[in-house]
Amino acid sequence: MLEGIPKQVKIVEVGPRDGLQNESRHVPTADKVRLIEALAAAGLKNIEVTSFVSPKWIPQLADGLEVCRSLQLPVDVIKTALVPNMKGYETACQAGLSHIALFMSTTESHSKKNINKSVDEALATLGELSKQAKSDGKWVRCYLSVVFECPYEGTVSPDQVARITDKLVELGVDEISLGDTIGAATPRQVENVVKLVLRSTEISKLALHFHDTRGTALANVLAGLELGISIFDSSLGGMGGCPYAPGAAGNLATEDLVYMLEGMGVKTGVDLEKLVDAGCLAEELLEKKLPGRYLRACLSTREKENCSKAGTASAVKQ
Ligand code: HMG
Ligand code: MG
């Protein structure tokens, strides 16, 4: 067990998009920018910074263009944004993004609720978008949502997942991220789906995107690692959820992922202390505690140290 797993992984930080899209509290543009810059300072090289979806559907990210234009990131940090249609693609171009992320669902019900399109309509839109993006020289990721369990239709057949990923491969997308949107998958399911998808998708193009609603996200990452997957999505502090998937809680927390991987000798390039600093900032901006376990453990230690040094209550909010 755990022999031959990847020695290094790519982490795609989705907190500023998947996290903030689900927050009821308004986060001003300048604070989003600070947060993204703190994530980059922690060593994250792939950050999904916003989405260019309809502001009526996701008002939290209506300032995406301004966020992109205000960011000052090191040149080796890749910014992506979620794009649902040609209007969103044009905004991504205005924002100067060289990398975009498309998305669709495996089930008709989630597809309708999330983007107001059937699965086939979504595939047709993705076809147009990826063709345009490729001819403009852009790098294209595609999320496939509700890959294991759908909040409306229950367990999803692995064959349905593979049918769609085959089509995405035909479209020539550069990366496919399989989403456990409501955080319900278990490791055996991950193994079954990933093995089927790998029949036609190169392993270097496959990412896994786990939400941690039922506490199985890290176990699912291990299942993925054992299959050779080396791209994992996560979100600072475990922020997140899909507003159009009832019961979807936060993503796997980036700190928990980094802690586990580095502990196993798998390189992430992320500085955990600086990541915790970014987590503190996120808690301050959102005025609430975030669910990430490593963050909680670390902040309680920092708090005790502050208490013993100052002999007073710590600055960390409870
Ligand atoms: P629609 O209402 O069918 O769209 O929404 P429409 O084409 O009829 O347009 C309606 C209005 O929206 C028009 O404005 C358009 O201009 C505007 P109006 O004339 O009424 O004033 N509009 C836009 N405005 C700005 N940017 C755009 C845009 N498109 C249309 N790009 C649509 C269809 C796809 C736009 C909508 O359903 C939508 O935005 N959905 C996005 C929902 C979303 O963001 N969900 C969360 C992200 S997915 C996720 O979290 C899962 C993931 O994390 C992986 C996982 O966990 O599984 C990725
Ligand atoms: Mg998600």
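As the structure lists them, so they are numbered: ligands from 1, and atoms in each ligand from 1. Quick caveat, the model's predicted, so the values are computed rather than measured.
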Checklist line | Pairwise side-chain contact, V14 with M239, heavy-atom cut-off 4.5 Å (strictly under) | finding: no
Note to self: For K10, I'd like to know if atom NZ has over 12 heavy atoms of other residues, nucleotides or ligands within 6.0 Å.
What the structure shows: yes
Note to self: Please state which option from I58, N85, T181 has its nearest heavy atom closest to atom 30 (C) of ligand 1.
What the structure shows: N85
Check: Are D31 and P28 close enough that some pair of their side-chain heavy atoms sits under 4.5 Å apart?
Finding: yes
Notebook entry, point to check: Do L144 and ligand 1 have an N or O pair less than 3.5 Å apart?
Noted result: no
Check: Polar-atom distance check: V53 versus ligand 1, any N or O pair below 3.5 Å?
Finding: yes
Notebook entry, point to check: Do any nitrogen or oxygen atoms of S54 come within less than 3.5 Å of a nitrogen or oxygen of ligand 1?
Noted result: yes
Check: Is atom 33 (C) of ligand 1 less than 4.0 angstrom from some protein heavy atom?
Finding: yes
Notebook entry, point to check: For ligand 1, does V83 get within less than 4.0 Å through its side chain, its backbone, both, or neither, judged by non-hydrogen atoms?
Noted result: neither
Check: Between L208 and S177, what is the shortest heavy-atom contact and its length?
Finding: C-OG, 4.3 Å
Notebook entry, point to check: Under the 4.0 Å line, does any protein heavy atom show up next to atom 14 (O) of ligand 1?
Noted result: yes
Item checked: ligand 1 versus K113: contacting region, heavy-atom distance under 4.0 Å -> neither
Margin query: Test your reading of the structure: does K56 have an N or O sitting under 3.5 Å from an N or O of ligand 1?
Written below: yes
Checklist line | Geometric N/O contact H209 with ligand 1, under 3.5 angstrom | finding: yes
Note to self: With a 4.5 Å cut-off on side-chain heavy atoms, are N220 and Q189 touching?
What the structure shows: no
Margin query: When you compare the side chain of I100 with that of T80, does any pair of heavy atoms fall below 4.5 Å?
Written below: no
Item checked: N or O pair under 3.5 Å between D180 and ligand 1 -> no
Check: atom 40 (N) of ligand 1: protein heavy atom closer than 4.0 Å?
Finding: yes
Notebook entry, point to check: Do you see a protein non-hydrogen atom under 4.0 Å from atom 52 (C) of ligand 1?
Noted result: yes
Check: Is there at least one pair of N or O atoms, one from V146 and one from ligand 1, spaced under 3.5 Å apart?
Finding: no
Check: Which of the atoms in ligand 1, numbered in the order shown and given with their element, are less than 4.0 Å from a heavy-atom of D18?
Finding: 50 (O), 53 (O)
Check: Is there a side-chain contact between L225 and V9, using heavy atoms and a 4.5 Å cut-off?
Finding: yes
Checklist line | Residues K288, E23: salt bridge by 4.0 Å N-O rule | finding: yes
Next item on the list: Specify side chain, backbone, both or neither for P84, according to which of its non-hydrogen atoms lie closer than 4.0 Å to ligand 1.
Entry: side chain
Next item on the list: Using a distance threshold of 4.0 Å (strictly less than), state whether atom 6 (P) of ligand 1 has a protein heavy-atom neighbour.
Entry: no
Margin query: As a quick check of understanding, evaluate side-chain hydrogen bond (donor to acceptor under 3.5 Å, both in side chains) for S145 and S105, giving each step before the final call.
Written below: CA-CA 4 Å; S145 286; S105 310; 4.8 Å; no
Checklist line | Over 12 non-hydrogen atoms of neighbours within 6.0 angstrom of NZ in K274 | finding: no
Margin query: Which of the numbered atoms in ligand 1 are under 4.0 angstrom from any heavy atom belonging to F103?
Written below: 48 (S)
Margin query: To 10 degrees, how wide is the angle OD2 (D18) to the Mg ion (ligand 2) to NE2 (H209)?
Written below: 90°
Note to self: With a 4.5 Å cut-off on side-chain heavy atoms, are Y259 and L272 touching?
What the structure shows: yes
Next item on the list: Kindly indicate whether the side chain of P16, heavy atoms from C-beta on, has any atom under 4.5 Å from the side chain of L39.
Entry: yes
